[in-house]
There are 2 protein chains.
Amino acid sequence: MSTTRPLRPVGGRSREVPGSGQGSATAASRVLAVLDAFGPAHATLTLSEISRRAGLSLTTTHRLVGELRVWGALERSEDGRYGIGLRLLELGALAPHGLQLRELAVPYVDDLHQATRANVVLGVRDGADVVYVEALRARGAVRLMSRIGGRWPLHATGTGQVLLAFAGPEVQEEVLSGPLTSFTPHTITDPAALRRTLAEVRRTGVAVAENQLTADAPALAVAVPVRGRGDEVVAALGVTVAAGTTQASALAPVLNATARGISRALGAPSAQPPSRRCT
Amino acid sequence: MSTTRPLRPVGGRSREVPGSGQGSATAASRVLAVLDAFGPAHATLTLSEISRRAGLSLTTTHRLVGELRVWGALERSEDGRYGIGLRLLELGALAPHGLQLRELAVPYVDDLHQATRANVVLGVRDGADVVYVEALRARGAVRLMSRIGGRWPLHATGTGQVLLAFAGPEVQEEVLSGPLTSFTPHTITDPAALRRTLAEVRRTGVAVAENQLTADAPALAVAVPVRGRGDEVVAALGVTVAAGTTQASALAPVLNATARGISRALGAPSAQPPSRRCT
DNA sequence: TCGCCGCTTTCGTCCCGCGGAAGACAAGTT
DNA sequence: AACTTGTCTTCCGCGGGACGAAAGCGGCGA
């Protein structure tokens, strides 16, 4: 803990000069670098922008983008900008823990959305992040936070705290030892506090996060675990409401009921009614 | 063919995939071939299966899969099988005509689903196919046809017929001249009949498809266009019900109302109320 | 008109990705 | 236990694809 902390190279990508011999990027990594250039804040890019963001020469970028385009990974709009193609959406939908899970859970999540009229998300863990596989917005609220495919650090969201609380120790250590990004003054950034929060989540089976992610609109997020065939936590179901409108204690029961429904559909032993035969 | 043929280079690396077009495989194409190995019927694969389906040597597959895995494009489950990773879901969600569109349309589609209690899909055109960007299932019906990321030929679905009817002539010619895959005895496979159907769709603004896709469960699909900023058709909204339960004429009004709502949200001039100023 | 910027194409060199081969490992069969 | 079959992993030499420089193209604003 008290070890000397090396200077963090701020924003500096490992600038590779040809001839320095160090780097040797692989061809596959270049393809992925092109895809990596796209992001929520950069959904469409020009060729030059891709080139710069991927750190590739314009020639290489041009060729790779051309190949990706004919395959359908990228598409070009009339104004010449490039964007992600539908082929990648099609592929991404095949993710076992992604839209496959959504497919099964969507009726339950839909009911929850209808019942609570709140923002509802279903998230799974990917590394040290939570990725939303389903997100339904409340009618009025325009929250850009929760989108399908949205990715946030585990410690800063209700669903993430659930997933982290029930994740393996090595995952928890990795998150707790790493920097805890702060999004608002209320975001938990102290490892000890986070550790206590996680213990509380494990004890109660519910995570309650207030104002962790957004500063402008005070929000209350409540989340519970969803379990799979081996009773392991495979996802987290969460709702977000404007702070003050609803108590967390009022949301927990309906959340738990919905989560249990999904868990049962997934084949979780603990969620099966005693009478029902195991398939 | 009577030209002097040099001795066949035994160790030639230009080993082509049999039947998979003409070769000169590029490195990028190999990466894409690995991704291409996955599909709805093959959501998870072993390394050898990927190797075979991609037409790559096991060595190459092993290396590429390794790179794709550390990047997050693929993930490996406990049983050793590979599947699509959440990173690709995240990327696919950035598709301008994909989940971006879904994000905007989902409240309307949701209402339609609640009102009709039917299967509802929102599809966009990608080449000669329709790709669903949103799909909501009716409570009882388990229809594997409509999933987010699902892809079907334009001529065989209600939404596809709408998209084809309003697509450019070159797209129509390509589909009409190509083979029209038959899924059921009712699937339109005659180009002339399809041409008449498309004209009817253009005239009425509604596509009605009966038993085009599924043979076992008689189904009625109704679809209408969704328009964008330039009044061009950017998507199609469709519902599917069991044949006999509802008349197409009863579904069309609510479908049109919903589609108009989405079109308005997209900024379509024809869907704007007269008072509103054009942006 | 010029210059600027982004995109496209060509081309020769070099290096990295390729497949063969062999080893490690697991599971089913005789 | 020995054999078989299938999988996954590692190592290595060679050759051809991928790379970047540079030149050509085209639109836009000064």
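Proteins come first, then strands; the chains are lettered A, B, ... in the order of their sequence lines, and each starts at number 1.
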Please determine if B/R30 and A/E67 form a salt bridge, counting it only when a charged side-chain N lies under 4.0 Å from a carboxylate O.
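So B/R30 does not pair with A/E67 through a salt bridge.
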[X]: partners by side-chain contact (heavy atoms from CB on, under 4.5 Å), with sequence neighbours left out:
X      : answer
A/P191 : A/L176, A/L180
A/E170 : none
B/R202 : B/A165, B/F166, B/Q172, B/L198, B/A199

Does OP1 or OP2 of D/dG17 have a side-chain N or O of B/T26 closer than 4.0 Å?
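No, no such contact exists.
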Look at the side-chain N and O atoms of B/R63 and state whether any lies under 4.0 Å from the OP1 or OP2 oxygen of C/dG17.
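No, outside the criterion.
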Produce the list of close N/O pairs, under 3.5 Å, pairing protein atoms with atoms of nucleotides 8-10 of chain C; give distances to one decimal.
| unit_1 | atom_1 | unit_2 | atom_2 | d |
| --- | --- | --- | --- | --- |
| C/dT8 | OP1 | A/R76 | NH1 | 2.9 |

Would you mind reading off the distance between [X] atom [atom1] and [N] atom [atom2], rounded to a whole angstrom?
X     : N      : atom1 : atom2 : result
B/L64 : D/dG17 : CG    : C1'   : 14 Å
A/R30 : C/dC15 : CZ    : C1'   : 10 Å
B/L68 : C/dG17 : CG    : P     : 13 Å
A/L45 : C/dG6  : CG    : C1'   : 14 Å

Run the side chain to side chain contact (heavy atoms under 4.5 Å, CB included) check on B/L47 and B/H62 step by step: do they pass?
CA-CA 7 Å; B/L47 185 64; B/H62 179 255; 3.8 Å; yes
DNA chain C: 5'-proximal contact among B/T61 and A/S48 (nearest heavy atom)
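Looking at DNA chain C, the more 5' nearest nucleotide goes with A/S48.
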Assign each of A/A28 and A/E49 to its nearest nucleotide of DNA chain C by heavy atoms, then name whichever residue's nucleotide is nearer the 5' end.
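Whichever sits nearer the 5' end wins; that is A/E49.
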Within a radius of less than 6.0 Å around CZ of B/R260, do more than 12 heavy atoms belonging to other residues, nucleotides or ligands occur?
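No - once you tally the heavy atoms of other residues, nucleotides and ligands closer than 6.0 Å, there are 12 at most.
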N/O donor to acceptor pairs below 3.5 angstrom from side-chain atoms of residues 34-41 of chain B, sequence neighbours left out:
| unit_1 | atom_1 | unit_2 | atom_2 | d |
| --- | --- | --- | --- | --- |
| B/D36 | OD1 | A/R87 | NH1 | 3.0 |
| B/D36 | OD1 | A/R87 | NH2 | 3.0 |
| B/D36 | OD2 | A/W71 | NE1 | 3.0 |

Pair A/R147-B/L94, side chain to side chain contact (heavy atoms under 4.5 Å, CB included): steps then yes or no:
CA-CA 10 Å; A/R147 304 168 41 250; B/L94 297 174; 4.0 Å; yes
Treating primed atoms plus P, OP1 and OP2 as sugar-phosphate and everything else as base, which nucleotides of nucleotides 23-30 of chain D get B, S or - for protein heavy atoms under 4.0 Å?
--------
Start with the C-alpha distance between B/V226 and B/V124, add both sets of side-chain angles, then the distance that settles side chain to side chain contact (heavy atoms under 4.5 Å, CB included), and finish with yes or no.
CA-CA 10 Å; B/V226 173; B/V124 299; over 6 Å; no
